[in-house]
Amino acid sequence: MVSTETDDEQQLLCLVKQGDDMAMRTVYSTYIRYLTAICSRYVGNKEDVKDILQDSFLKIFSNIALFEYRGKGSLKGWLTKITVNETLKFLKKNKRLEFVEISEQDHDQPDEEPDVDALPSSVLFDLICKLPDGYRTIFNLYVIENKSHKEIAKLLDIKESTSASQLHRAKSLLATRIRQYNS
C-alpha cells in the first residue's frame, strides 16, 4: 500500500502524542519558518519573535493530546492559531496595543486602495511591519487572517468600532507610504 502525505502526517502526530522526541523535532523543523513568518507579521523584534515561538511550541506540545486531526491542513491551521494567540497575548502583556478612536467624520472616509501591483512583496511586507503595533495587528488579523471586526474585538478586548477605525487608519497610512515608495 502506498503511503500518502495525510497518512504520514497522522503517523507523525501519533508519535508526537506518544512523546517521541524525533517526531517533535520533525514538527518543529517542518513548521518553524512558517510560524516565524506569521509571528513576524505582528512583532518586529527578532528576540521577541523567538520568545513567542518558544512559548507557542511549549503550548503546542503540551496540548497536542487535545488536537483532533481533521485532514490535510488541520495541523497547520491549529499551529497557526496557537502562534497568533500567543503573539496577541505577548502584545497585550507588553502593552504594545494602543488604540485611538477616530471621529465620526473619519469613519465616513473611504479606504484608499493603493496600487500594489508593481510593488515587490518584500517591500509591502516591510511597509506593513513598519505600521504602529496596533494598526499592524488589526491589519494582519483582518486582511491576512480573515477575521471579522467582531472576532478581532473579542480577541483584543476592544470595541468593533475600534477595530474598524484602526484598520481604516492602517490602510490610510499604508497607502500613503506606498505612494511615497512609488514616487
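Residue numbers count from 1 along this sequence.
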Student: Only distances under 3.5 Å count here; give the side-chain donor-acceptor pairs of residues 78-85 to other protein atoms, sequence neighbours excluded, each with its distance to 0.1 Å.
Tutor:
unit_1: Thr80; atom_1: OG1; unit_2: Tyr34; atom_2: OH; d: 3.2
unit_1: Thr80; atom_1: OG1; unit_2: Lys76; atom_2: O; d: 2.8
unit_1: Thr83; atom_1: OG1; unit_2: Leu79; atom_2: O; d: 2.9
unit_1: Asn85; atom_1: ND2; unit_2: Lys81; atom_2: O; d: 3.3

Student: If you compare all heavy atoms of Thr162 against all heavy atoms of Ser165, which two are closest, and at what distance to 0.1 Å?
Tutor: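 In terms of heavy atoms, the two residues are closest at O-OG, 3.0 Å.
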Student: So, taking the atom named CD1 in Ile52 and the one named CG in Leu35, what distance separates them when rounded to the nearest 0.5 Å?
Tutor: 12.0 Å
Student: Does a side-chain heavy-atom distance below 4.5 Å link Ile152 with Thr137?
Tutor: no
Student: Tell me whether Phe57 at atom CZ has more than 12 heavy atoms from other residues, nucleotides or ligands lying less than 6.0 Å away.
Tutor: yes
Student: With a cut-off of 6.0 Å (strictly less than), are more than 12 heavy atoms of other residues, nucleotides or ligands near OH of Tyr28?
Tutor: no
Student: Looking only at heavy atoms, which two atoms of Glu160 and His149 are closest? And how far apart?
Tutor: CG-O, 3.8 Å
Student: Taking all non-hydrogen atoms of both residues into account, name the closest pair between Pro132 and Leu173 and its distance.
Tutor: CD-CD2, 3.7 Å
Student: Are any of the side-chain nitrogens in Glu47 or Lys50 under 4.0 Å away from the carboxylate oxygens of its partner?
Tutor: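 So Glu47 pairs with Lys50 through a salt bridge.
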Student: For a 4.5 angstrom cut-off between non-hydrogen side-chain atoms, does Val143 reach Ile128?
Tutor: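 Result no, sub-4.5 Å side-chain heavy-atom pair not found.
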Student: Can you give me the closest heavy-atom contact between Arg136 and Arg41, atom names plus distance?
Tutor: CD-O, 3.0 Å
Student: Does Asp55 form a salt bridge (charged side-chain N to carboxylate O under 4.0 Å, His left out) with Lys59? I'd like the steps, not just the answer.
Tutor: CA-CA 6 Å; Asp55 290 344; Lys59 188 162 211 160; over 6 Å; no
